Amino acid sequence: MAERKKSSLTLLVISFVLLQLLLFLNVRAVAPTPVTQEAAEAQALLAWKDSLENHSLLNTWSLHNNSNATSTESKRNSTCNWLGITCNVAGRVTRIKLSHASLRGKLDNLGFSSFSELTILDVSNNALYGTIPAHIGTLTKLNILDLSVNQFFGYLPLSLGNLTKLTTLYIHTNKISGSIPQEIGYLKNLVDLELSTNLLTGTIPPTLGNLTKLTTLYIYKNNISGSIPQEIGYLKNLVQLSMNENLLTGSIPLNLGNLTKLTLLYIYENNISGSIPQEIGHLKNLIDLEISTNLLTGPIPSTIGNLKNLKFFNVGENKLSGSIPSQITNLTHLTWLYLGVNNLSAHLPKQLCHGGSLTKFSAFSNHLTGPIPKSLQNCTTLKRVRLQNNHLTGNISEVFGYYPNLIYMDLSNNELSGELSSKWGEWKNLTLLNLSGNKFSGKIPPEFGKLSQLGVLDLSSNSLAGEIPKEMGSLSSLFNLSLNDNELSGSVPLEIGLLSDLEGLYLSMNYLSGHIPEELMSCIKLRSLDLSRNNFSGSIPLQIGALATLRSLDLSQNSLSKEIPSQLGNLKMLENLNLSHNMLSGLIPPSFEETSSLMSIDISYNSLEGHIPKNKAFREAPFKALSHNKGLCGNISGLQPCNSTSIDKGHLNKVNKGVIIIALSISGIIFLLLACIVIFFFLKRRARHTTIELQEMSRGDVFSIWNYDGRIVYDDIIQATENFDGKYCIGVGGSGSVYKAELSTGQVVAVKKLHPLEGESMQDQKSFNNEIKALTEIRHRNIVKLYGFCSHEKCMFLVCEYIERGKLAEILSCEGALELDWIKRINIVNGVACALSYMHHDCCPPIVHRDISSNNMLLDSELEACISDFGTSKLLKPDSSNWSALAGTYGYVAPELAYTMEVTEKCDVYSFGVLTFEVLMGKHPRDLIHTLHFSIGQNILLKDVLDQRLSPPSAQTANEVISIAVVALACIRANPQSRPNMRSVSQKLLSHRLGTLEPFQTIALCQLNDLDI
């Protein structure tokens, strides 16, 4: 029994031991393996990869099991060998470098807290977006953080201030907004800081002065405002400082002169005022100094001569005055010198190009006087010279010598004299030579025919004589030849027909004679041909109808005879035609009825007869453009209707002369009696009407509708609109409401009922009446016609042409924008440019619209643009003040009106530039505009700016789109003096060739900004 108990006890003990053993083994089997730091990093990377929308290059990012490797070795093999990942000897991730990896997504799902050993994070040049996560501040060992060239938006996180070991911080080229946080000043080890090309606002924080190790500070191309803080002067290790293209104000701090290690200083395109401090001369290591396009005043300091290493110096487009300091000749390494668009006066320094390195020299649009220094004669390094729009004098042939590298020379609009030198034919690389508006005499040297690269030759408005040399036919690259307004004689050389690339030929205002050579018609790319005001005779060559790209043809004021060739009707792109003051006879060819592109015509002072073509340009032409012809007829005011009967002279010869004489005598007597009666009643009614009109005007009660009884039409308008009921309202603007009215005659008109306005144009009734009278003289295809007006203290309205499709702004903002293909958009821009040119240069006095915007641009049934709403327009009178209260639409108003309030044509030019970009982009350009001025390093491609709703322009239209972009860039320049006038704009659009460019798909806006207009 005892043995049995003992045996049972033993069995129980053995069972208990076995059970404990099994339990122990089971626990060991199910217990989780501890997660290592290496594994946590791998999991964090994989979790981020899974959150990305595109990670096609991260195929190596995956975990692989290896039964023969230890856990640590397995993780090291599977993580540290991943693309862009670098580990230390312990297997911890120290670098994540994924630049140009085609990543798209956010950073939010990257667990930064897992990477306690990370020293470099580079995800630049991808498509990452969203905000920069605040937990990035946990990477306390980070030395380099590069998030540049992505699509990050939102604010800079304050936690960036925790990254105190950072030496490099790149967040440039994103969409970051808000201000630069004060906490950035904690990063005292920072060497490179680049926040440029974002949407940053606010001011520069003074705490930046704590970053004393900084060598590079780039904050350009933002919306940063306020003044440059004095604390910038503490950054004595700075080598490159770029603050350009912001909204900075105030003056240049004097202690900027403490930054003696600077090699690059960019402050251009801001609103910096005051003078350039003398202390700038302390920056003796400076190589590149650009402070152009600001509001700087005063002289260029003489201490600029201390900057012996300076290569690039640009102070253009400011308000600098005084003389150019002679010390500037100490800069023997100077390569670029830009002084243009200022108020500089006196002479050019005598020792310019003293160091023999000068390649680009611009001092245009100043008040410089005296001769061009002879020191330039030996400056063989010169590539570009721009001295136009000054008062320079002297003999030109004594200055310029041999320049093997010269590409561009513009000396126009000075007072230079002498004869053109034959030596200039050796400037083999020259692409543009503009000597217009001077006092040059003598002949055009035949040696100019050697300039094989010449694209533009402008010798207009001088006193050149003799014949046009036939050697001009050798200028195979020439696309613009302007010899107008000289004293040239003889015939046009036949060799001009060899210029196959010629687009603009301007020979007007000379003494040229003979026939217009048919060989000119070989210039099949001609867009503008002006042979007016010469002594050409014979007929108009019918071959001219083969110039398919011709847009402007002016043959006026010659001695041309015979009929107008019907082939002119083949010019489907012709917009402006002037054949006036000749001896042309016969009928106007009916083929013109198919020329829908025509905008303006003038056939006055000829011997033309018969029907006026049923063409919009002819139907809407002012009578003076048709007057003084033999017998034109048509349904146009001033012309005889074509259905009136006339006496058949051939039939009269067959009738008894005596009967005819008697019949004519009786008819004459009756006619005289009737004429006397009509004249009597007409004079009586006119006297009564004059009395009534004077009485009404004295009490401010004036109504006039052209070609109608004013009182009747007034009642008709009130009835048609039910006394301006809201249901007839088709638009509301700042100056009034527009109503659609169908008159009893069936004509539909637009009636703009004006609100009472504050300002000079409505307070002074006489001024308003004078302005209305001036507007009635406007007759242009692209300007809404004014039919009449009512001026009364209780009711003022204008009666205008009704334009079917309505506002351009509304069409661009909806699906209707797809109707506006590139051809139609080009036509819209060209039409507006032509209309503004007419208002500014062909109206007397000139008319400034002051509110050019897409809301005031109407499109007719053919999608042609018409300028409307002249409620804020102003007449520019040379003998009175042109200062005015601010008017216009926000976003289109020229910037100078904010501080000068002086109305000039350049205000409309700026608005036109904004409108042009809006047409190209399909939306208002807004903040993009400030990035388009003279950009350095700008990488925005033109194709990316264009309206993405349309397919890219075809090869045929791409060049015109490029030309329009060039014009728009020139029009929105901050300094109004540097903007072109609308006549130049219109001519540029007619002759759009820009020379050799990259393919359309690769053209950057900065390339176009460098082109001249």
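All values derive from a computational prediction rather than experimental measurement.
Counting only heavy atoms from C-beta outward, the side chains of C907 and R850 never approach each other to under 4.5 Å. Counting heavy atoms from C-beta outward, V456 and N434 have side chains that stay 4.5 Å or more apart. I496 places a side-chain heavy atom less than 4.5 Å from the side chain of L520. When side chains are defined from C-beta on, P925 counts as touching E918, because their heavy atoms get closer than 4.5 Å. In this structure, D530 and L553 have side chains that are not in contact, with every pair of non-hydrogen atoms separated by 4.5 Å or more. No side-chain heavy atom of E815 sits under 4.5 Å from any side-chain heavy atom of R949. For the pair I972/Y910, a side-chain contact is recorded, criterion being any heavy-atom separation below 4.5 Å from C-beta on. Put simply, the side chain of V961 reaches to within 4.5 Å of the side chain of L946, judged on heavy atoms.
Panel note: side chain T957, backbone P953; no donor-acceptor pair is recorded below 3.5 Å. At distances below 3.5 Å, at least one donor-acceptor pair connects side-chain atoms of N534 with backbone N or O atoms of S532. A donor-acceptor pair under 3.5 Å links the side-chain atoms of D908 to the main chain of H849, judged by distance alone. A donor-acceptor contact shorter than 3.5 Å links the side chain of K906 to the backbone of R979. With hydrogens and angles ignored, the 3.5 Å screen pairs no side-chain donor or acceptor of R527 with any backbone N or O of L550.
Taking CG of N855 as the start and CG of L915 as the end, the distance is 10.5 Å to the nearest 0.5 Å. Atom CG in D458 sits 7.5 Å away from atom OG in S412 (nearest 0.5 Å). Going from atom CE of M599 over to atom CG of L577 covers 12.0 Å, rounded to the nearest 0.5 Å. L459 CG to S482 OG: the interatomic distance, rounded to the nearest 0.5 Å, is 8.5 Å. Rounding to the nearest 0.5 Å gives a distance of 14.0 Å between OG of S853 and CZ of F912. Annotation: the span from D501 atom CG to S477 atom OG amounts to 7.0 Å, rounded to 0.5 Å.
Partners of M573 under the side chain to side chain contact (heavy atoms under 4.5 Å, CB included) rule, at least two apart in sequence or in another chain, are R551. Listed by chain and number, the residues in a side chain to side chain contact (heavy atoms under 4.5 Å, CB included) with S837 are H841, M982, R983, S986 (sequence neighbours excluded). The side chain to side chain donor-acceptor pair (under 3.5 Å) search around E819 returns R805, not counting sequence neighbours. By the side chain to side chain donor-acceptor pair (under 3.5 Å) test, R533 is found to be paired with no residue, residues two or more places apart in sequence or in another chain being considered. Residues forming a ring-ring contact (aromatic ring centres under 6.0 Å, His included) with Y739 (at least two apart in sequence, or on another chain): F724. Residues passing the ring-ring contact (aromatic ring centres under 6.0 Å, His included) test with F618 are F592, sequence neighbours excluded. Scored by the side chain to side chain contact (heavy atoms under 4.5 Å, CB included) test, T173 finds V149, T197 as partners (sequence neighbours excluded). Among residues two or more places apart in sequence or in another chain, the side chain to side chain donor-acceptor pair (under 3.5 Å) test is passed with S522 by none. Judged as a side chain to side chain contact (heavy atoms under 4.5 Å, CB included), and not counting sequence neighbours, E563 has no contacts.
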Go through the steps for L531 and I516 under the test side chain to side chain contact (heavy atoms under 4.5 Å, CB included), then give the verdict.
CA-CA 9 Å; L531 305 179; I516 298 174; 3.9 Å; yes

For the pair S460 and Y506, evaluate side chain to side chain contact (heavy atoms under 4.5 Å, CB included) and give the outcome as yes or no after the intermediate values.
CA-CA 9 Å; S460 60; Y506 307 96; over 6 Å; no

Run the salt bridge (Lys or Arg N to Asp or Glu O under 4.0 Å) check on E864 and R781 step by step: do they pass?
CA-CA 9 Å; E864 291 276 351; R781 179 179 183 177; 3.5 Å; yes

Passes side chain to side chain contact (heavy atoms under 4.5 Å, CB included), I730 versus Y802? Steps please.
CA-CA 11 Å; I730 58 175; Y802 175 71; 3.9 Å; yes

Apply the test side chain to side chain contact (heavy atoms under 4.5 Å, CB included) to residues V967 and L989: give CA-CA distance (whole Å), side-chain angles for both, the deciding distance (0.1 Å), then the verdict.
CA-CA 8 Å; V967 167; L989 293 176; 3.7 Å; yes

Take N981 and H840 through the side chain to side chain donor-acceptor pair (under 3.5 Å) test and state the conclusion after the steps.
CA-CA 9 Å; N981 60 46; H840 292 181; over 6 Å; no

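The two atoms that bring L499 and M472 nearest to each other are CD2-O, 3.4 Å, heavy atoms only. Counting all heavy atoms, side chain and backbone alike, S911 lies closest to Y892 at OG-O, 2.6 Å. Of all heavy-atom pairs spanning N856 and D851, the tightest one is ND2-O, 2.8 Å. When all heavy atoms are compared, the tightest approach of M839 to I783 is CG-CD1, 3.7 Å. The two atoms that bring C866 and I803 nearest to each other are SG-CD1, 4.1 Å, heavy atoms only. Residues K785 and H780 come closest through the heavy atom pair NZ-O, 4.1 Å.
Remark: the S556 side chain and the N558 side chain contain no N/O donor-acceptor pair separated by less than 3.5 Å. No donor-acceptor contact under 3.5 angstrom links the side chains of N606 and N582, judged on distance only.
Comment: D860 engages K616 in a salt bridge, judged by a side-chain N to carboxylate O separation of less than 4.0 angstrom. Salt bridge present: R825 and D947 bring a charged side-chain N and a carboxylate O closer than 4.0 Å.
If you look at F917 and H924, their ring centroids are not closer than 6.0 Å.
For residues 587-596, no pair satisfies side chain to side chain donor-acceptor pair (under 3.5 Å), with sequence neighbours left out. The side chain to side chain donor-acceptor pair (under 3.5 Å) contacts involving residues 572-581 comprise N576-S600, N578-S580, where partners must be two or more places apart or lie in separate chains.
Across L950, V919, L859, a single residue satisfies side chain to side chain contact (heavy atoms under 4.5 Å, CB included) together with L820, and that is L859. Of the candidates L812, V784, N782, I852, I852 is the only one forming a side chain to side chain contact (heavy atoms under 4.5 Å, CB included) with M857.
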Got a list of side-chain donor-acceptor pairs under 3.5 Å for residues 539-549, not counting sequence neighbours?
unit_1	atom_1	unit_2	atom_2	d
Q543	NE2	E518	OE1	3.2
T549	OG1	I524	O	3.4
T549	OG1	K525	O	3.3
T549	OG1	L526	O	2.8

